[in-house]
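First listed ligand is number 1; within each ligand, the first listed atom is number 1. This one's a predicted model, so the numbers in the text were calculated from it and none came from an experiment. All residue numbers refer to positions in the sequence shown, counting from 1.
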Amino acid sequence: MKRKIQTMALCLLAGVSLSHAQTFLSQNHAMKRVKTTEKYLLLPVEESEGIAHIRVLKDNRLVKEFNCKLAINKTDYQVPLDLSEFGGDLLLDIQFPGDTRTTGVIRDFACWQEMKVADNFDTTNREKYRPAYHHTPLYGWMNDPNGMFYKDGVWHLYFQYNPYGSQWENMTWGHSTSTDLTHWTYEGEAITPDALGTIFSGCCVVDKANTAGFGKDAVVAFYTSAGASQTQSMAYSTDDGKNFTKYAGNPVITSNMPDFRDPNAFWNDELGQWNLILAAGQQMNIYSSKDLKEWKYESSFGEGYGSHGGVWECPDLLRMGDKWVLVCNINPGGPFGGSATQYFVGTFDGHKFTCDSAPGVTKWMDYGKDHYATVAFDNAPDGRHIVLPWMSNWQYANQVPTRQFRSANGLPRDLGLFTYRGEYYVSVKPSPEVFVSFVAKSSAKLSPAAYLEVTDVKTNASITLSNAKGERVVMTYNGMDETFSMNRDASGLSDFSTDFKCTTVAPTYGAVKAMQIFVDHSSIEAFDADGKMAMTNLVFPSEPYDRIAAKGCKVKIHALK
Ligand code: FRU
């Protein structure tokens with residue numbers, strides 16, 4: 001009996017069928033009228049299928065268009081299309097890919113039976129790999145963190161978001177907020193695609209002196225409009241980042257370069273002007289402005305410097321005392337394949353960045369395989385440089401074994417500088433806010449979401465996390481070589497990509513005495529307690545690791561409060 005009631009509840013959640021039939025106009029073109037008072041149209045998705053293009057028409061006008069892998073054979077999950085802003089009488093014009101299909105004819109596609117309307121969309125977590133204390137989208141795909149800023153006690157995080165599937169598509173800025181950098185609330189879609197293109201990565205600044213004329217303390221966003229070319233656009237918000245109005249003069253920066261994106265602006269106190277850095281092929285371009293609208297090209301940095309194994313993306317330029325750190329995400333070309341974050345330490349005079357190191361020197365911010373698109377919060381208090389990574393790698397991000405959502409952010413980290421053998425390096429420490437969520441445990445049993453406090457680290461030390469199935473992650477510190485490594489070859493599921501198995505190795509720039517290791521269902525982040533080493537890796541154990549074996553060090557387990 002109990003089972004029957006549960007089944008009924010699930011049917012109700014899944015929505016009610018649409019009364020209007022669809023019209024088939026060819027083997028790959030259909031129209032469907034949607035007349036309803038319910039809030040959502042639930043679209044069935046099948047991830048292995050091709051992308052259907054959906055145009056939403058209201059009174060013969062195009063009001064929205066997007067791509068969605070509509071189910072052909074079976075439904076993997078549903079995504080909601082919010083109808084409330086259009087009113088409930090719409091025509092969907094749907095174009096399926098290709099001229100012919102091998103898997104049945106259009107009228108038999110699974111999507112017609114399973115397209116439903118409903119007033120609610122259930123976002124309750126259904127995934128065993130969803131982290132407990134890292135930011136994730138409630139549903140759908142996420143990549144880069146975008147437009148992060150702090151204002152009036154609230155941390156704002158926007159992100160590259162696909163609301164219509166759990167793989168990369170339809171780039172939109174999703175928005176989440178937090179007051180403690182750990183618990184996040186989803187605020188909805190902040191910036192959506194328009195006639196200039198989809199909305200790629202970018203930044204937000206708080207315009208304290210109203211230099212742009214949108215109002216004192218207006219939040220001004222810069223993003224890449226990804227259309228036929230990549231151009232830079234702006235939008236502003238006068239309600240603390242909830243709603244944005246796109247600037248009528250967009251685009252504000254253009255170029256004939258194909259890879260030209262990810263603008264990151266900041267107020268330059270010394271010169272009383274704005275600067276902006278963006279990725280242009282395998283270089284970073286720097287601009288200046290007095291009013292955020294007119295931008296002057298100043299210089300480019302990068303030729304011959306650092307790693308050039310891929311396209312340069314998502315830059316940041318951070319002042320740390322007399323030095324400046326230029327953050328440069330690169331894909332591919334990372335130290336263990338795929339995407340990674342390199343940086344350069346040098347000086348910046350508002351016009352030109354000059355690197356301190358020799359051109360051949362490459363420095364990585366994190367020596368794991370799942371740390372990318374890392375940039376800092378604007379306007380953080382006390383001069384802090386707090387960054388957030390996207391915790392995945394373009395080699396397999398679209399294939400990792402989750403469905404309801406794909407990808408999390410890494411933990412927030414505070415950046416600083418240290419020197420080793422005459423060179424400056426960026427130090428990376430988990431932000432102090434992270435530790436507040438944990439309490440020391442008396443038992444030695446590892447839980448799926450834990451913080452491991454590692455002390456008394458000897459010259460040779462190792463920590464192995466494992467489960468009853470023999471799946472394990474082996475971390476090794478070698479004080480003679482000054483290296484720390486993490487082997488995830490036998491960590492659990494890995495057959496979704498031949499690029500997943502690996503051992504990542506980091507230089508520790510001196511001895512490691514203590515470490516902080518964070519485990520959260522499908523991720524492990526290891527930090528040297530002095531900030532000289534960070535390593536972020538995904539893992540997909542078929543059941544959680546519940547055992548720890550430590551050699552040459554002591555480990556205290558802290559559980560989530
Ligand atoms: C980096 C990136 C950016 C781009 C965005 C698109 O991961 O490729 O360069 O703006 O993702 O989603």
Engineer: Checking a contact table here: which protein heavy atom is nearest atom 6 (C) of ligand 1, and how many Å away?
Structural biologist: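 For atom 6 (C) of ligand 1, the nearest protein heavy atom is Q160 OE1, 3.2 Å.
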
Engineer: Check the orientation of F214 and Y247. Use parallel for under 30°, tilted for 30 to 60°, and perpendicular for over 60°.
Structural biologist: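 If you compare the ring of F214 with that of Y247, the planes turn out perpendicular.
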
Engineer: Would you check whether W168 has a nitrogen or oxygen atom less than 3.5 angstrom from a nitrogen or oxygen atom of ligand 1?
Structural biologist: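 Right, the criterion is met.
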
Engineer: If you have a sec, work out which protein heavy atom is nearest atom 7 (O) of ligand 1 and how many Å separate them, to one decimal?
Structural biologist: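 Protein heavy atom at minimum distance: D144 OD1, 2.7 Å.
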
Engineer: Is there any N or O on W390 that sits under 3.5 Å from an N or O of ligand 1?
Structural biologist: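 No: no nitrogen or oxygen of W390 is under 3.5 Å from one in ligand 1.
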
Engineer: How far apart are the C-alpha atoms of Y158 and Y223, what are their side-chain angles, what is the distance that settles it, and do they pass the ring-ring contact (aromatic ring centres under 6.0 Å, His included) test?
Structural biologist: CA-CA 11 Å; Y158 302 84; Y223 56 88; over 10 Å; no

Engineer: Using a 4.0 Å heavy-atom cut-off, say whether N329 meets ligand 1 through its side chain, its backbone, both or neither.
Structural biologist: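 For N329, there is no contact with ligand 1 at all, from either part.
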
Engineer: Under a 4.0 angstrom heavy-atom cut-off, which atoms of ligand 1 come close to Y372?
Structural biologist: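 Selected atoms, number and element: 1 (C), 7 (O).
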
Engineer: Output the list of atoms in ligand 1 that are nearer than 4.0 Å to some heavy atom of M171, sorted by atom number.
Structural biologist: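 Counting atoms of ligand 1 from 1, those under 4.0 Å from M171 are 12 (O).
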
Engineer: Please list, in number order, the atoms of ligand 1 under 4.0 Å from a heavy atom of W394.
Structural biologist: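 Once the distances to W394 are compared, the set is 1 (C), 7 (O).
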
Engineer: Below 4.0 angstrom, N of the basic side chain to O of the carboxylate: do D489 and K501 qualify?
Structural biologist: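 No, D489 and K501 are not salt-bridged.
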
Engineer: Ion pair present between D259 and R261, side-chain N to carboxylate O less than 4.0 angstrom?
Structural biologist: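 The answer is yes: the pair qualifies as a salt bridge.
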
Engineer: Name the closest protein heavy atom to atom 4 (C) of ligand 1, giving the residue it belongs to and the distance to 0.1 Å.
Structural biologist: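 Answer, as residue, atom name and distance: D262 OD1, 3.5 Å.
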
Engineer: Do F353 and S299 come close enough that some side-chain heavy atom pair is under 4.5 Å?
Structural biologist: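 F353 does not reach S299 side chain to side chain.
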
Engineer: Who's the nearest protein heavy-atom neighbour of atom 8 (O) of ligand 1, and how far?
Structural biologist: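 For this ligand atom, the closest protein heavy atom is E313 OE2, 3.0 Å.
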
Engineer: Do W184 and L157 have side chains that get closer than 4.5 Å, going by heavy atoms?
Structural biologist: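 The answer is yes, as the side chains (C-beta and beyond) meet within the 4.5 Å cut-off.
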
Engineer: Is T224 close enough to touch ligand 1? Criterion: a residue heavy atom under 4.0 Å from a ligand atom.
Structural biologist: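 False for this residue.
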
Engineer: One residue to check: S201. Relative to ligand 1, which of side chain, backbone, both or neither has a non-hydrogen atom less than 4.0 Å away?
Structural biologist: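 Answer for S201: both.
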
Engineer: Do N125 and Y139 have side-chain N/O donor and acceptor atoms under 3.5 Å apart?
Structural biologist: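 Distance-only check fails for N125 and Y139.
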
Engineer: Going by the angle between their ring planes, with limits at 30° and 60°, are W312 and H308 parallel, tilted or perpendicular?
Structural biologist: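 The rings of W312 and H308 lie parallel, inter-plane angle below 30°.
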
